[in-house]
**Student:** 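Okay, here's the structure, questions in a sec.
Note that the structure is predicted; figures quoted are calculated from it, not measured. What you see below is based on every heavy atom in this structure, not just the backbone, and it leaves out hydrogens, waters and symmetry mates. Order of the sequence lines fixes the chain letters, A, B, ..., with proteins taken first and strands second; residue numbering starts at 1 for each chain.
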Amino acid sequence: MLDPKFIELNNELVKEKLSSRGMKFDLEGFNKLVSNRKEIIKEVEQLESEKNKGSKQIGKLKREGNTGELDALMEELKVISEKVKNLNEKRSDAESELNQFLLQIPNIPNDSVPLGSDENDNVEVRKWGEPKDFEFEIKDHVELGEKHDILDLKRATKIAGSRFALYKGLGARLERALINFMLDVHTMDHGYTEVLPPFVANKDSFTGTGNLPKFEEDLFKLKDTEYYLVPTAEVPVTNIHRDEILSFEDLPVKYVAYTPCFRKEAGSYGKDVHGIMRQHQFNKVELVKFSKPEDSYSELEALTNDASRILELLELPYRVVALCSGDLGFSSAKTYDLEVWVPSERRYREISSCSNFGSFQARRANIRYKPFKEPKPSLLHTLNGSGVAVGRAVIAIIENYQQEDGSIEIPRVLIPYMNGVKTIS
RNA sequence: GGAGAGAUGGCCGAGUGGUCGAAGGCGCUCGAUUGCUAAUCGAGUAAGGGGCUAACCCCCCUUCGAGGGUUCGAAUCCCUCUCUCUCCGCCA
């Protein structure tokens, strides 16, 4: 959520920035809502002040035993009280209208974000590793997965439906090995604190991170409850500190969490129907940071590096892409995508998305910190990124590490996590 | 699932219709003092919103788990909900 005061003071900038991400900002509507709210507040507060004074007066008169003017005063206050009641209803209407308006508005892109309208305008920042030249006919992860009986998509469909996976044997172990490997690297080398959060969260949490109210159709809601399955660990982990005030000394706070992620993938019909690229349920190791505002962009660079290091250790070719304004996620001020090389598609595919949300989520979720030597708490900045998506890492490993005989080598760093298994054959 | 108790400021905790935004304590900040990481004394110490302002000061409103109600007036009375704790039952 944007700061209404900031919008008031910078409405041209806001308009321009939002249009860079393809959104038309209704300035007139906004101004109307704001001034409407202020007017009502002024009026109601004046009446309340009158009411309070009168009530105090009554208390005083009663104590003094002076009952002469009581009835008249009480009658008068009754009228005021009625007015206040009515106005307060108007006030809460005005405030929730403004709130609803603000909740629909995406974050403002940072100045460093390249301008553009869609993913074709994203900018490649750097590349690591070389896509391998295979001297034989390669197979995709589905074919290889079935061949070695490590991936059983047919039976997954029987159990649940399409877009679900059943890992078996060394496939299941590979998934688990990756999770443990990633958690170890981020906790031991990168200084993150491991958390294991609930896999469901409530409405307040989803509103805090910006998934609600706008994106309810992407979520699995549990029937007859207020719970939703988490689409990413970002939701429960960012909400760890909702409605809290942290000390500047504690910042940055860095968490890493493994969770499964549940997404309806509404609107992606026909996209990535083959294999496990796009699932209703997938595993992910997520990095989340709470940072001082002045540090958040350097923290974003660091976070992106922490995520890329996983790919480097796995020796998977990847590139880093800066999302353009038009492709930016709703809550994000700046995003880098990490894209891993997928041989069967002969292109890079997203495996991690690292974002700085500025104070956008912090305002919604009311996460603040006490700055050094300043009495008033202020909003901190939140960041997160996948470190990395486990299912897609499995695809990348299976395909990039395939051998001519159809066997799959295990990346060196994973062998200890695979109990010494070096090849799937 | 059954029975009971509770939720107050950063923390602990008093407060059952008006002088309560809230005693007292801890913590923290500042000052004084003692020859030395401590003790003692004094002062200060919630958040959000609105107005004024260049900014501060100041003024006003709201907030005692959340939401409603009664009342001129609610931390205090009534209703609903959420959460926590204790006992019993069940259980990975």
**Student:** In whole Å, what separates the P atom of B:G27 from that of B:C79?
**Tutor:**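 Each nucleotide's P atom is 41 Å from the other's.
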**Student:** Would you say a side-chain N or O of A:Asn366 is under 4.0 Å from OP1 or OP2 of B:G48?
**Tutor:**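 So the side-chain polar atoms of A:Asn366 never come under 4.0 Å of the phosphate oxygens OP1 or OP2 of B:G48.
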**Student:** Output the rounded distance in Å from CD (A:Glu43) to C1' (B:G50).
**Tutor:**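 Taking CD of A:Glu43 and C1' of B:G50, I get 14 Å after rounding.
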**Student:** Nearest whole Å is fine: how far is B:C72 P from A:Lys51 NZ?
**Tutor:**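 Spelled out: NZ on A:Lys51 to P on B:C72 is 11 Å.
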**Student:** State the pairing partner of B:A5; accept Watson-Crick or G-U wobble contacts with both distances under 3.5 Å, and report none otherwise.
**Tutor:**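 The answer is B:U84, by the H-bond criterion.
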**Student:** Rounding to the closest angstrom, what is the interatomic distance between B:A39 and B:C26 at atom P?
**Tutor:**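 Rounded to whole Å, the distance is 11 Å.
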**Student:** Taking pairing as Watson-Crick or G-U wobble with both contacts under 3.5 Å, can you name the mate of B:U40, or confirm there isn't one?
**Tutor:**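 Its partner is B:A32 (Watson-Crick or G-U wobble, both distances under 3.5 Å).
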**Student:** For B:U45 versus B:G9, give the span between their C1' atoms, rounded off to a whole number of Å.
**Tutor:**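 Looking at atom C1' only, B:U45 and B:G9 are 10 Å apart.
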**Student:** Relative to the ring of A:Phe25, is the ring of A:Phe30 parallel (under 30°), tilted (30 to 60°) or perpendicular (over 60°)?
**Tutor:**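 Aromatic pair A:Phe30/A:Phe25 classed tilted.
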**Student:** Can you measure A:Glu39 atom CD to B:C60 atom C1' for me and round it to whole angstrom units?
**Tutor:**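 It is 18 Å, rounded to the nearest whole Å.
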**Student:** Provide, to the nearest angstrom, the distance between the CE atom belonging to A:Met74 and the P atom belonging to B:G73.
**Tutor:**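 Rounded to the whole Å, the gap is 9 Å.
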**Student:** Rounding to the closest angstrom, what is the interatomic distance between B:A7 and B:U63 at atom C1'?
**Tutor:**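 Straight-line distance between the two C1' atoms is 16 Å.
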**Student:** 5'-most contact on RNA chain B: A:Leu73 or A:Glu48, nearest heavy atom basis?
**Tutor:**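 Closest to the 5' end, via its nearest nucleotide, is A:Glu48.
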**Student:** Does the separation of the ring centres of A:Tyr258 and A:His186 fall below 6.0 angstrom?
**Tutor:**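 No, they do not, as the ring centres are separated by 6.0 Å or more.
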**Student:** Who does B:U45 pair with, Watson-Crick or G-U, both distances under 3.5 Å?
**Tutor:**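 Pairing partner: B:G27.
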**Student:** Closest nucleotide of RNA chain B for A:Glu75 versus for A:Gly59: which of these residues is on the 5' side?
**Tutor:**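 Its nearest nucleotide lies further toward 5', so the answer is A:Gly59.
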**Student:** Quote, to the nearest angstrom, the P distance that separates B:A46 from B:C57.
**Tutor:**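 Taking atom P in both B:A46 and B:C57, they lie 13 Å apart.
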**Student:** Should B:C56 form a Watson-Crick or G-U wobble pair with both distances under 3.5 Å, which nucleotide is its partner?
**Tutor:**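 Pair assignment: B:C56 / none.
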**Student:** Hey, do the aromatic rings of A:Phe330 and A:Phe215 have their centres closer than 6.0 Å?
**Tutor:**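 Distance test on ring centres: under 6.0 Å, yes.
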**Student:** Would you say a side-chain N or O of A:Asn52 is under 4.0 Å from OP1 or OP2 of B:C61?
**Tutor:**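 A:Asn52 to B:C61 OP1/OP2: side-chain N or O found under 4.0 Å.
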**Student:** Between B:U62 and B:A22, how many Å separate the two P atoms, rounded to a whole number?
**Tutor:**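 The answer is 14 Å between these two P atoms.
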**Student:** Across the strands shown, which category fits A:Lys53 at heavy-atom distances under 4.0 angstrom: base, sugar-phosphate, nothing?
**Tutor:**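 Nothing, no nucleic acid heavy atom in range.
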**Student:** Quote, to the nearest angstrom, the C1' distance that separates B:A74 from B:G67.
**Tutor:**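 After rounding to an integer number of Å, I get 15 Å for this pair.
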**Student:** Of the nucleotides B:C61, B:G48, B:G50, which one has an atom closest to the side chain of A:Arg368?
**Tutor:**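 Of the options given, the side chain of A:Arg368 lies nearest B:G48.
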**Student:** Could you check how far CD of A:Glu8 sits from C1' of B:G50, rounded to whole Å?
**Tutor:**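 In whole Å, B:G50 C1' lies 12 Å from A:Glu8 CD.
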**Student:** Given the side-chain rings of A:His381 and A:Tyr297, with only the six-membered ring counted for Trp, is the space between their centroids under 6.0 Å?
**Tutor:**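 Not under 6.0 Å, so no.
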**Student:** Is the phosphate of B:G49 approached by A:Arg91 (side-chain N or O, under 4.0 Å from OP1 or OP2)?
**Tutor:**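 Answer is no, no contact under 4.0 Å.
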**Student:** Side chain of A:Glu45, base of B:G51: donor and acceptor closer than 3.5 Å?
**Tutor:**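 Result: no qualifying N/O pair found.
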**Student:** Which part of the nucleic acid, if any, lies within reach of A:Lys56 when heavy atoms closer than 4.0 Å are counted: base, sugar-phosphate only, or nothing?
**Tutor:**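 Counting heavy atoms under 4.0 Å across all strands, no contact is made by A:Lys56.
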**Student:** Does a side chain donor of either A:Lys284 or A:Thr232 reach within less than 3.5 Å of an acceptor in the other side chain?
**Tutor:**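 On atom types as modelled, these side chains qualify, holding a pair under 3.5 Å.
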**Student:** Starting from the C-alpha separation in whole Å, work towards a yes-or-no answer on salt bridge (charged side-chain N to carboxylate O under 4.0 Å, His left out) for A:Glu82 and A:Lys78.
**Tutor:** CA-CA 6 Å; A:Glu82 199 58 36; A:Lys78 198 166 192 169; over 6 Å; no
**Student:** Reckon A:Lys60 touches a base, only the sugar-phosphate, or nothing at all at heavy-atom distances under 4.0 Å?
**Tutor:**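 A:Lys60: no heavy atom of the nucleic acid under 4.0 Å.
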**Student:** Rounded off to whole Å, could you give me the CD1-to-P distance for the A:Ile41 and B:C59 pair?
**Tutor:**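 Nearest whole value for this atom pair: 20 Å.
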**Student:** Is B:U16 paired to anything, Watson-Crick or G-U wobble with both distances less than 3.5 Å, and if yes, which nucleotide?
**Tutor:**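 None - no nucleotide pairs with B:U16, as no candidate has both distances under 3.5 Å.
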**Student:** Work out which heavy atom in A:Tyr369 is nearest to a heavy atom in A:Pro293; give both atom names and the distance.
**Tutor:**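 Residues A:Tyr369 and A:Pro293, closest heavy atoms: OH-CD, 3.3 Å.
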**Student:** If I take atom CG in residue A:Asp204 and atom P in nucleotide B:C83, what distance separates them, rounded to the nearest angstrom?
**Tutor:**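 Rounded to the whole Å, the gap is 12 Å.
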**Student:** So A:Phe290 and A:Tyr255, would you call those rings parallel, tilted or perpendicular, with 30° and 60° as cut-offs?
**Tutor:**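 A:Phe290 vs A:Tyr255 ring planes: perpendicular.
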**Student:** Of all the choices, B:G69, B:C72, B:C60, which nucleotide is nearest to the side chain of A:Ser55 once you look at every atom?
**Tutor:**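 The listed nucleotide nearest to A:Ser55's side chain is B:C72.
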**Student:** Is there a side-chain polar atom (N or O) of A:Ser81 under 4.0 Å from OP1 or OP2 of B:G73?
**Tutor:**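 Result: yes.
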**Student:** Look at the side chain of A:Lys38 and decide which nucleotide, out of B:G49, B:G69, B:G50, has an atom nearest to it.
**Tutor:**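 For A:Lys38, the side-chain atoms sit closest to B:G50.
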**Student:** Look through every strand shown and name the nucleotide pairing with B:U71 as Watson-Crick or G-U wobble, where both distances are under 3.5 Å.
**Tutor:**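 None - no nucleotide pairs with B:U71, as no candidate has both distances under 3.5 Å.
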**Student:** To the nearest Å, give me how far apart CZ (A:Arg37) and P (B:U62) are.
**Tutor:**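 Whole-Å distance recorded here is 15 Å.
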**Student:** For B:A92 versus B:G49, give the span between their C1' atoms, rounded off to a whole number of Å.
**Tutor:**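 Roughly 49 Å separates the two C1' atoms.
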**Student:** Does a distance-only test, which skips hydrogens and angles, find a donor-acceptor pair under 3.5 Å between the side chain of A:Lys62 and the base of B:G18?
**Tutor:**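 Between B:G18 and A:Lys62, which were checked side chain against base, a qualifying N/O pair under 3.5 Å is present.
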